[in-house]
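First the proteins, then the strands, lettered A, B, ... as listed; each starts at 1. Worth knowing before you read on, the calculation uses all heavy atoms, side chains too, and leaves out hydrogens, waters and symmetry mates.
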Amino acid sequence: MPEATTPTATPHLYLVDGSSYIFRAYHRLPPLTNRHGVPAGAVYGYTTMLWKLAGDLSRADGPTHMAVILDASESTHRNVMYDQYKAHRPPPPEDLVPQFPLIRTATRAFSIPCIEEDGLEADDIIACYALAAKAKGWKVTIVSSDKDLMQLIDEDAGIDMLDTMNDRRIGREQVMEKFGVPPEKVGDVLALMGDSVDNVPGVPGIGPKTASQLIQQFGDLETVLASTDQITKPKLKQSLIDHADAARLSRELVRLVCDSPLPEPLEDLALKGIPPEPLRDFLTDQGFKTLLARLESGGSVPTPRSSSGGGFNDVMASLDRKPTVEPAAPDRQEVDRSKYETVIDEAALDRWIANARATGYLALDTETDCIDCQVAKLAGISLAVAPNRACYIPTGHSGADLYSDAPSQLPQDVVLAKLKPLLEDPAILKIGHNFKYDWVMFSRLGIEVAPVDDTMVISFDLDAGRSFGHGLEELAKLHFEHECIPFKQLCGSGAKQITFDKVPLPQATEYAAEDADICLRLWLRMKPRLAQENVARVYERVDKPLVAVIGRMERRGIRVDREYLARLSAEFSKDIAALEEKIYEAACGPFTIGSPQQLGDVLYGRLGLKGGRKGKSGHYSTDVNELERLAAEGVECATLVLDWRQLTKLRSTYTDALQAVINPETGRVHTSFSLTGAQTGRLSSNDPNLQNIPIRTEAGRKIRDAFVADPGHKLLSADYSQIELRLAAHMADVPQLKDAFRNGDDIHSLTAEELFGASDRESRNKAKTVNFAILYGISSWGLAGRLGVPKDEGKAIIDRYFERFPGIRDYIHGTLSFVRQHGYTRTLFGRKTHFEPNIRSPNPSIRGGAERAAINAPIQGTSADLIKRAMARMDGALADAGLSDVKMLLQVHDELVFEVPDGREEAAAEVIKGVMAEAAGPAMQLDVPLDVEVGWGANWGAAH
DNA sequence: ACTCGGTCCTA
DNA sequence: GTAGGACCGAGTC
């Protein structure tokens, strides 16, 4: 029995210096990302290292005990000694920051204990464990290459080091080779030479060579300092005399603290094997396919050395080992839903309010009976003040059906009256996830919540463009590997779905309090990153203020003329019916016109037309280009279908749909704007989308007329003229374009002159297309297609454009080289959009797409920043001008729509124009003016 | 009841 | 060539 031999073997403790490892792995490995798009190069390096170490478990001299040691906090006893300690260390690279938490995840996945302790650096913890193990006669291997730790090497006592980066064992001999002194003298050498990274001062003028030589000659630091009279070099002598105190301080700074109590007893670090289960999940989740394949193949699953033949059962046998030691840092505590409280009496509510006041901030979340916050009724409110300290306050729960009683709960007005002073207190920060929803709910209940932080917006400002969304559940999984209770589990789905107010309080509490708890944890985790990753300004100054501004716009809604829409619907229906008859006649029989599949078969099959293109689905393409081609060839059926499509589109998407979304209480349509909907920083609009109301065609334009002002008011529309081209001229620094905008010249005519030496209508149209192509990330192929010319000619035009406007070429090259290097682009106001991993894809079409998007993102994003800045200031500027009854209703990317009392149009126009035109200042001075065109009328169509 | 591709509306 | 959302038919569960 091999087991019989195990107890007699000397225990061997491996202490892994995780903190120093990831810095080195980061700099040595390429900037990989995991399948979530989060940088994971260092994590991957770390994982392979653990894998290798785990493999040593089966070796005769391999580890029996193992722990990973991490740095817990910034401040240690060394800062007390010397306030400059590590003071000049630059912040970690921003694509390393998101990897820190993953290091713990990886360690946990291997079921290896992970130790960190406030106030102690990893080096000190390692020293404590090394000496404790030595005292028991154990062998110790320190897995690190940190020179400070070389002080601990003591081969006679069985302490050595292992540098996994180059797979090298470090013993006394290697230390002698490096420092010229034995391990016990390394501290003296380090004290003399200092360390610029940790800001250990050392003695000026003394580097590794001199330090080593002096210690070899005199034996230790104190003797060196006492023997300056024997030193012949005058500079060196003086420096040692002048900086003796600095040398003594340095000696203390590099001394390892080894007398702290062990955070975990040595015995608890026993490691018999690596259970495959959490490891498999981790490797899958990160997309580390090579390691996963090795795990699945079973051959190289790390196995314990005590096992007879290794293999699966032995691995599983180690499942009963003590769980991974996890530090109790605030956001790392496991979510424990049993700690949540249901608040149903006033004393408890008062206690929670006092908790929040004492903390200074709270996370909160509202539960309602409906996802539309404009009509929803409140079911309850959850609060969280610290991880696992969360509660749910039901106020609107009813029984599960008509025959059961409502549960005991506080009345809504009591709860709101008690919460209102807290929620409106400017000294208490309220944190929500997608807080706009809650803001509108509270606003409807007469509470103006402020100040607020929104973790969804924070996540967006940090990680826009990465491969994960910004929903609470998704972020909980990503940042904490925590699975939230699915809403479906509580309320079901589809026809059998119940509303939240019918959920029994125990389950409702677990779900609702968890949301607030997770929101608070996300805030603790992400808020510091805003400053570290240099996006605090765009969050604080642009996006955060928009939460309440947009909440107000959504609450106001816009008035829609229902009868007018109904008449339009009827009109369209009549025309559609007539077209259908004609189409069936032309097609020799009825079919589903709305089915592209059937339409393709009719055109190219039954009617036998030629030249059809098939897409990847194997069906004929029947898009507008194909139908227009056929129509131009005189195919009547194609013309009819085009008309049919336009009218059915208008009817289904607009005239019918808009009538259905008029809020019965307000008689208005309340869209929902998403702050995180567009990766470039634009807003998006849904339920209904009011950012795609038709304008280009005659029939479509009629729909704009359905958006009307309240009686006694006008709708006023203000839009930026050619804002993206202006920004391109500024950002790419193109003198001709900037001059043209300053002089108010026609920009497309100027481009036509430059490109073609003429500015007739055809040349101008071509130039206009080229200008847009630039904004969208040009390709000769795409431009040629748009212009209907051969690819060569497209390329020639682009070349001429770059020749005439070299700034544009430099902008494109500069943007691409930046995004390739950093993985993201930035707007003028600092907004980031990430493009990893696609910007590095080996697939040219994916990479090309990312490149075009990256060229466009700074321009589109800056435009979004500008109008957002204008919106954030608008209500205040109107109020200052005595125009607080002018209401901002809609934003359509470069346009703002207002409702203005009759007679105030001119005054409002002046203020609005001013705010929009000055939106860049004072932070930014643009080289081009921002022109704003304003119009007003009884309806939106007339306001243009 | 859900997802996907095709289509088409906007800036 | 950029950025979105909505509707429909058709295929899947």
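- Phosphate proximity of B/dA11 to A/S863: absent, as no side-chain N or O sits under 4.0 Å from OP1 or OP2.
- B/dC8 atom P lies 16 Å from atom CD1 of A/I703, rounded to whole Å.
- In this structure, A/Q598 reaches the sugar-phosphate backbone alone: every heavy-atom distance under 4.0 Å involves primed, P, OP1 or OP2 atoms, never a base.
- Side-chain atoms of A/Q860 and base atoms of C/dT2 include a donor and an acceptor less than 3.5 Å apart.
- At the heavy-atom level, A/T769 lies under 4.0 Å from base atoms of the strands shown.
- Taking the centre and axis of the six-membered ring of A/F756, the NZ or CZ atom of A/K766 falls inside the cone set by 45° and 6.0 Å.
- Within the model, atoms CG of A/L546 and CD of A/Q891 stand 8.5 Å from one another, a figure rounded to the nearest 0.5 Å.
- Closest to the A/A678 side chain, of the nucleotides B/dT10, C/dA3, C/dA6, is C/dA3.
- Atom CZ of A/R831 is separated from atom C1' of C/dA3 by 13 Å (rounded to the nearest Å).
- Within 4.0 Å (heavy atoms only), A/A773 reaches at least one base atom of the nucleic acid.
- Here A/R682 lies in heavy-atom contact (under 4.0 Å) with a base.
- To the nearest angstrom, P of C/dG1 lies 18 Å from CZ of A/R847.
- Side-chain nitrogen and oxygen atoms of A/T653 include none within less than 4.0 Å of the OP1 or OP2 phosphate oxygen of C/dC7.
- Rounded to whole Å, the distance from CZ on A/R704 to P on B/dC9 is 13 Å.
- Looking at heavy-atom distances under 4.0 Å, A/D719 makes no contact with the nucleic acid at all.
- Within 4.0 Å (heavy atoms only), A/Q597 reaches sugar-phosphate atoms of the nucleic acid but no base atom.
- For A/S595, the side-chain atoms get nearest to C/dA10 when compared with the rest of B/dA11, C/dG1, C/dA10.
- A sub-4.0 Å separation between OP1 or OP2 of B/dC9 and a side-chain N or O of A/R696 is absent.
- Residue contacts shown for A/L683 are absent, as no nucleic acid heavy atom lies under 4.0 Å away.
- One interatomic measurement links the two molecules: CD of A/Q679 to P of C/dG5, which rounds to 10 Å at whole-angstrom precision.
- With sequence neighbours excluded, no residue satisfies salt bridge (Lys or Arg N to Asp or Glu O under 4.0 Å) with A/E895.
- Not a single donor-acceptor contact under 3.5 angstrom links the side-chain atoms of A/K649 to the base of B/dC9.
- Here side-chain hydrogen bond (donor to acceptor under 3.5 Å, both in side chains) pairs that include residues 784-795 of chain A, with residues two or more places apart or in two chains, are A/K795-A/D799.
- Ring pair A/F460/A/Y539: centre-to-centre distance not below 6.0 Å.
- The nearest whole Å value for the distance from the OH atom in A/Y801 to the P atom in C/dG1 is 18 Å.
- A/D601 has no carboxylate O lying under 4.0 Å from a charged side-chain N of A/R606, or vice versa, which leaves the two without a salt bridge.
- The closest side-chain donor-acceptor pair between A/R651 and A/S573 falls under 3.5 angstrom.
- A salt bridge does not link A/D369 with A/K502: none of the charged nitrogens is closer than 4.0 Å to a carboxylate oxygen.
- Using a 4.0 Å heavy-atom distance criterion, A/A657 is classed as a sugar-phosphate-only contact.
- C/dG4 atom P lies 13 Å from atom OH of A/Y776, rounded to whole Å.
- Looking at the side chain of A/Q646, the nearest of the listed nucleotides B/dC9, C/dA3, C/dG5 is B/dC9.
- Within the 4.0 angstrom heavy-atom criterion, no nucleotide atom of any strand lies near A/S674.
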Hey, what are the protein-to-nucleotides 4-6 of chain B N/O distances that come in under 3.5 Å?
unit_1, atom_1, unit_2, atom_2, d
B/dG6, OP1, A/S617, OG, 3.3

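- The residue A/A864 sits apart from the nucleic acid: no heavy atom pair falls under 4.0 Å.
- Among the atoms of the strands shown, none is found under 4.0 Å from any heavy atom of A/I859.
- Atom pair A/Q891:CD and B/dT10:C1' shows a separation of 12 Å (rounding to whole Å applied).
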